[in-house]
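Hydrogens, waters and symmetry mates are skipped; everything else that's a heavy atom, side chains included, is used. These numbers were taken from a predicted model, which means no experiment stands behind them. One-based numbering along the sequence shown.
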Amino acid sequence: MSTSAVHNEKDLLQQLIAGDERGFAGLYDLYSPSIQKFILRYVNSSPLSEDLTQEVFIKIWENRAILADVKSFKAYLFVTARNHTLNSMKVIFRSEIAIGEVVDSFVHLRNETEEQLMHKEYLVFLRKILDSLPERTREIFRLCRDQEKSYDEVAKSLNISRNAVKNHMVQSMKVLRSAVKSEYGISLSLFLYFIFGLHR
């Protein structure tokens, strides 16, 4: 990292600690590509690595008050990314084992209607939360998630910058993460995995 980049990071970090969202956005732009590549090595899924990256930065925002005592923000960020990714993988792995055990034990009693109703409940909840978001943020989320378009593709189709797409997605993830945690007590990445992953 160049000297100017180091100074820039320090300035952005001070803004973040002070609660200035411009500092958060600057650090996100500076580090999110490398964090996503780092997480991708663990999960081998681009959509999931994007979700986890956003969750990591949400954690950084929520814990910004303690960053003044952190000697190396970059090291702290990568440790946070690793820990959050591993914890999320453990939850998903345990859930998959649990699902497998239920299917094995009750294979002859499986009720497809109940399974569909559960999936419908999650979708209804997701739509309810999305409906509370600004129209453009909601539109971008659906393009990225429902249609699996990349940030670049969405930016081109809507004639906006990639950063604008990214900022809308970060905002939607903040709202969704809080709502999902409150309603179901699980991580947002797991919730989205159940909706978009298990039913493809």
Side-chain angles (χ1 to χ4, degrees), residues 16 21-40 42-64 77 80-81 84-85 87-89 91-92 95 116-200:
L16 171 61
E21 291 192 0
R22 290 174 298 180
F24 172 81
L27 288 169
Y28 187 97
D29 290 341
L30 186 62
Y31 283 117
S32 61
S34 55
I35 289 295
Q36 186 176 338
K37 288 179 182 177
F38 176 72
I39 292 176
L40 186 60
Y42 287 89
V43 300
N44 197 31
S45 165
S46 291
L48 184 55
S49 68
E50 286 182 7
D51 293 343
L52 290 172
T53 297
Q54 288 162 356
E55 289 182 7
V56 166
F57 278 91
I58 289 171
K59 281 180 174 289
I60 294 298
W61 171 259
E62 292 175 343
N63 296 327
R64 61 190 181 278
L77 179 59
T80 300
H84 181 66
T85 300
N87 287 336
S88 296
M89 289 174 67
V91 171
I92 292 173
S95 298
Q116 291 167 3
L117 286 174
M118 181 62 73
H119 184 236
K120 183 178 179 181
E121 177 189 329
Y122 287 150
L123 282 175
V124 168
F125 178 78
L126 176 62
R127 288 181 186 129
K128 178 182 176 182
I129 302 303
L130 289 178
D131 286 343
S132 72
L133 298 173
E135 183 178 353
R136 178 50 64 95
T137 302
R138 184 168 64 247
E139 179 184 16
I140 288 172
F141 180 90
R142 285 174 172 155
L143 287 171
C144 290
R145 286 283 149 250
D146 290 355
Q147 299 184 29
E148 299 183 333
K149 292 183 179 296
S150 69
Y151 286 3
D152 289 329
E153 289 173 332
V154 173
K156 184 176 181 180
S157 67
L158 298 180
N159 195 29
I160 58 178
S161 70
R162 187 181 189 280
N163 280 342
V165 174
K166 185 166 55 179
N167 290 337
H168 279 287
M169 284 300 291
V170 169
Q171 181 59 35
S172 64
M173 290 299 178
K174 282 182 181 179
V175 175
L176 281 167
R177 180 174 180 266
S178 176
V180 169
K181 189 68 175 178
S182 175
E183 183 73 16
Y184 295 107
I186 61 176
S187 71
L188 177 59
S189 57
L190 181 58
F191 178 79
L192 294 177
Y193 174 76
F194 282 143
I195 291 178
F196 297 110
L198 292 178
H199 292 268
R200 278 180 182 151

Worksheet item: For the atom pair CD1 (Ile35) and CG (Leu27), what is the distance rounded to the nearest 0.5 Å?
Response: 11.0 Å

Worksheet item: So, Arg64 side chain and Trp61 main chain: donor-acceptor pair closer than 3.5 Å or not?
Response: yes

Worksheet item: Do Leu77 and Phe57 come close enough that some side-chain heavy atom pair is under 4.5 Å?
Response: yes

Worksheet item: Do Lys128 and Asp131 have side-chain heavy atoms sitting under 4.5 Å apart?
Response: no

Practice prompt. Take Arg136 and Glu139 through the side-chain contact (heavy atoms from CB on, under 4.5 Å) test and state the conclusion after the steps.
Written response: CA-CA 5 Å; Arg136 178 50 64 95; Glu139 179 184 16; 3.2 Å; yes

Item to complete: Determine the minimum heavy-atom distance between Ser49 and Thr53, stating which atoms define it.
Response: O-OG1, 2.7 Å

Response to the item:
In terms of heavy-atom contacts, Phe141 and Ser172 come closest through CD1-OG, 3.6 Å

Worksheet item: Looking only at heavy atoms, which two atoms of Glu153 and Glu148 are closest? And how far apart?
Response: OE1-O, 4.5 Å

Worksheet item: Ser182 side chain to Ser178 main-chain N or O, any donor-acceptor pair under 3.5 Å?
Response: no

Worksheet entry | Geometric cation-pi criterion, Lys174 with Tyr28: 6.0 Å, 45° | no

Worksheet entry | Min side-chain heavy-atom separation Arg145-Glu50 under 4.5 Å | yes

Worksheet entry | Residue pair Leu158 / Leu143, side-chain heavy-atom distance below 4.5 Å | yes

Worksheet entry | Where Cys144 and Val165 come nearest, the two heavy atoms and their spacing | SG-CG1, 4.2 Å

Worksheet item: Between Ser32 and Lys166, which heavy-atom pair has the shortest distance, and what is it?
Response: OG-NZ, 4.1 Å

Worksheet entry | Flag side-chain contact, heavy atom, 4.5 Å: Ile39 against Val56 | yes

Fill in: Verdict with reasoning, Tyr151 to Ile140, per side-chain contact (heavy atoms from CB on, under 4.5 Å)
CA-CA 9 Å; Tyr151 286 3; Ile140 288 172; over 6 Å; no

Discussion item. Measuring from atom CZ of Arg177 to atom CD1 of Ile129, what distance do you get when rounded to the nearest 0.5 angstrom?
Written reply: 14.5 Å

Worksheet item: Can a salt bridge be assigned to the pair Asp29 and Arg22 using a cut-off of 4.0 Å between side-chain N and carboxylate O?
Response: no

Worksheet entry | Salt bridge Glu135-Arg138, side-chain N to carboxylate O under 4.0 Å | no

